[in-house]
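Numbering of residues begins at 1 and proceeds along the displayed sequence. Whatever order the structure lists ligands and atoms in, that order sets their numbers, starting from 1.
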Amino acid sequence: MSEAIDRESTQAATPAQMLRGWDHLEWWVGNARASAGFLSSAFGFDIVAYAGPETGIRDRTSWVLQQGEIRFVVTGALTPDCEVADHVRTHGDGAHSISLEVESAQDVFAAAVARGATPVREPWKEEDEHGSLVRASIATYGETIHTFVERSAYNGPFAPGFTTENLPTRPPGPAVGLERIDHVVGNVELGALERWVGFYRDVLGFDQLLHFDDEQISTEYSALMSTVVWNGSKVVMPINEPAHGKRKSQIEEYLDYYGCPGVQHVAQHTPDIISTVSALRERGVRFLRVPDTYYEDAKTRVPDLDLPWDDLQRLGILVDRDQDGYLLQVFTEMIGDRPTVFFEVIQREGAKGFGAGNFKALFEAIEREQDRRGNL
Ligand code: FE2
């Protein structure tokens, strides 16, 4: 009896309920060795595994980078007919897979496809002396995919085909202290936001956490709308759509250069943003510039918070609050050549928002950069 009930409740579970959290993000890039070196020296990641010809992979190389719970894989093509080369030619460097850890890749894949997801790759199992790893992939916005990763029976470095031998050591530098992915943001085309929110809600079983309309997120020149969906736990995914403004919005610029919808930014949490941003700046990471006038406004927006304003202003850190607390956040310059992908560093002190109060100040800062590229 109880077995039947258990089976019934498992069958009724949505994909969202079966997600344990982020497993990794896989970036497809033009030069994986250089990207791994950049993430290691500038952002303080450790290089923890490698795959390529030396490990039996013929058409690509991949480096696995780790900091706290954050795991990135950067992959580059070795041959012109490798799918990674096509992806890079079209999009530049970008996030190919938002990979999510699950208990059973087969179950989550089957549930997602039964509810309308487009399969990209049926569940596949790989084995080596460290155990077995099962993965399966479905499509999401643009050419981005979600890969479900079942690694409970695997205790190797990352996946079969990866080695920990002869890895570069992390160059010296101050400790950065990023601890986990807070949210992953996607940009979609004009008019497509509702459809993609519908996909996450109806197909994957996500809930809507917040919505911002173009009245809330606008400047004199451009605007966007944003809806945040989440699985009720760790997987939080805001989705942006451009809105009409006097000039080209930053979302349109992204879509022009990326060529289709895709991942815009990855926010990474730190418990001490002043220490983290100081370390990143010392390592050469550059951030969006914030005008001094921003801090005059900020002090009146959050008059009761006792914050180290001089440090925040010196480091260009933004402040926002909601009914539950406050947050500190900062945005890097673009991390690749094209004006598409960047990182956010965030410290949450209770607040569950995404810095809506900062949008105007942020976009004014972004538009100054866009104007310098002649794209506003
Ligand atoms: Fe963000």
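- Not one N or O on the side chain of D46 forms a donor-acceptor pair closer than 3.5 Å with the backbone of V48.
- Within the 4.5 Å cutoff, no side-chain heavy atoms of R135 are placed close to those of R121.
- Take the Fe ion (ligand 1) and draw a sphere of radius 2.8 Å; the protein N/O/S atoms inside it number 3.
- Not a single donor-acceptor pair under 3.5 Å links the side chain of D23 to the backbone N or O of E101.
- Ring centroid separation for the pair F343 and F43 comes in under the 6.0 Å cut-off.
- Side chain of T270 to main chain of L178: no donor-acceptor pair is present (N/O by atom type, distance under 3.5 Å, no hydrogens or angles).
- Ring to ring, Y254 and H265 are not that close: their centroids are 6.0 angstrom or more apart.
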